[in-house]
K.L.:
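If you scroll down you'll find the structure; I have some questions about it.
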Amino acid sequence: MKKTSTDNIYQSPQPASPFKFDARVAAVFPDMIQRSVPGYDTIIEGIQSLSQRFVKANTHCYDLGCSLGAASLAMSRGIQADGCKVIGVDNSPSMIERSQLFIDAYRHHTPVELVCGDLQEIPLTNASMVVLNFTLQFISVDNRDAIIKKIVDGLNPGGVLILSEKIKASDDAIDNTLIDLHHDFKRANGYSELEISQKRNALENVLLPETIETHSERLLGMGFKSVDVWFKHFNFCSMMAFK
Ligand code: GEK
């Protein structure tokens, strides 16, 4: 996705407040996510390749928590089958508004429809691919089983879920090392100590990471047949799960 404005939201001291996906964030989102999430572009390319391989004719693909629609557009580019539709869902009106501009500017073989709403409320049917690209981490842990169950139920047999998450290592020493390496990654991308620490505080109790084992157990427990990690860089990973 094309870069827009530079993320300077936490450059000056801010009153402490929880992170929100508001207009300020939407305006700088491509820069923010690329400088904050190791391997983000590689994951988006992977989603395109996987959609080419797995999406079946006349089915739906869902991008849940689509932000500006990078994964929706990747699927739309990758899908070779006819009669498909990509549905991008986000509950941030600022994200959906901006995302519509990106979608409208792009010519697609497979149409992308955007829905502004809670991904927990929208119906999910006849799906061959579902993407949760760094979204589940923002949802209360208590609601995660129900979301994964709803996705399994909405997928056709053989369908795939791509679940990308910031993760926690079960060993504290390893977890702290991965956190440090991630902060080094952010420093190397031009974020200052103040920006890193203010963002970290804003995300406390908002972004709730779990271990890869917890995610795998949930995916298998809710009905996926097989699960594995296909991408990992520091404490960021992407898993694929087959129904
Ligand atoms: C990408 N997938 O660029 N319902 C719908 N949307 C939600 C909900 C919810 N309950 N909770 C959070 N969101 C994108 C990046 S960002 C990840 C995803 C990040 C939305 C929220 O509004 C935000 O746009 C998105 O999930 C998470 O591939 O910023 O680290």
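Start at 1 and go down the list; that is how both ligands and their atoms are numbered. Worth saying up front: this structure is predicted, and the values here are computed from it rather than measured. Numbers here simply count residues along the sequence, with the first being 1.
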K.L.:
Please write down residue, atom name and distance for the protein heavy atom closest to atom 10 (N) of ligand 1.
P.N.:
D118 OD1, 3.0 Å
K.L.:
Which heavy atom of Q198 sits nearest to which heavy atom of S12, and what is that distance?
P.N.:
NE2-O, 3.0 Å
K.L.:
Can G117 be said to touch ligand 1, with heavy atoms closer than 4.0 Å?
P.N.:
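Yes, G117 has a heavy atom closer than 4.0 Å to ligand 1.
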K.L.:
Look at the rings of F231 and H233 and say which category their plane angle falls in: under 30° parallel, 30 to 60° tilted, over 60° perpendicular.
P.N.:
tilted
K.L.:
With a cut-off of 4.0 Å, which atoms of ligand 1 are near a heavy atom of S92?
P.N.:
22 (O)
K.L.:
Can you tell which of F134, F138, Y40, F21 gets a heavy atom nearest to atom 3 (O) of ligand 1?
P.N.:
Y40
K.L.:
Considering only the protein, which heavy-atom contact is closest to atom 28 (O) of ligand 1, and what is its distance?
P.N.:
N133 ND2, 2.9 Å
K.L.:
In terms of the angle between their ring planes, are Y40 and F134 parallel, tilted or perpendicular, with boundaries placed at 30° and 60°?
P.N.:
tilted
K.L.:
So F54 and F242, would you call those rings parallel, tilted or perpendicular, with 30° and 60° as cut-offs?
P.N.:
tilted
K.L.:
Starting from atom 22 (O) of ligand 1, which protein heavy atom do you reach first, and at what distance in Å?
P.N.:
D90 OD1, 2.6 Å
K.L.:
Please list the nearest protein heavy atom to atom 14 (C) of ligand 1 with its residue and the distance rounded to 0.1 Å.
P.N.:
G65 O, 3.4 Å
K.L.:
Nearest protein heavy atom to atom 7 (C) of ligand 1, by residue and atom, and its distance?
P.N.:
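Here the nearest protein heavy atom works out to N91 OD1, 3.2 Å.
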K.L.:
Is the count of non-hydrogen atoms from other residues, nucleotides or ligands lying under 6.0 Å from R187 atom CZ greater than 12?
P.N.:
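Above 12, so yes.
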K.L.:
Tell me the protein heavy atom at minimum distance from atom 4 (N) of ligand 1, and give that distance in Å.
P.N.:
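Of the protein heavy atoms, L119 N, 2.9 Å lies nearest.
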K.L.:
Between L124 and V130, what is the shortest heavy-atom contact and its length?
P.N.:
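For L124 versus V130, the nearest heavy atoms are CD2-CG2, 4.0 Å.
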K.L.:
Closer than 4.0 angstrom: is that true for some heavy atom of Q137 and an atom of ligand 1?
P.N.:
yes
K.L.:
If the cut-off is 4.0 Å to any non-hydrogen atom of F29, which atoms of ligand 1 fall inside it?
P.N.:
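Those of ligand 1 that fall under 4.0 Å from F29 are 3 (O), 15 (C), 16 (S), 29 (O).
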K.L.:
Compare every heavy atom of D175 with every heavy atom of A169, then report the nearest pair and how far apart it is.
P.N.:
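It is N-OD1, 2.8 Å.
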K.L.:
Nearest non-hydrogen contact with atom 25 (C) of ligand 1 belongs to which option: A71, S67, P93?
P.N.:
S67
K.L.:
Name the one of R144, K166, K168 that satisfies side chain to side chain donor-acceptor pair (under 3.5 Å) with E210?
P.N.:
R144
K.L.:
Please determine whether a side-chain nitrogen of the Lys or Arg among K149 and D145 lies less than 4.0 Å from a carboxylate oxygen of the Asp or Glu.
P.N.:
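Between D145 and K149 there is no salt bridge, as every charged N stays at least 4.0 Å from the carboxylate O atoms.
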K.L.:
T135 heavy atoms, cut-off 4.0 Å: which ligand 1 atoms fall inside?
P.N.:
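Within the 4.0 Å cut-off of T135, ligand 1 contributes 26 (O).
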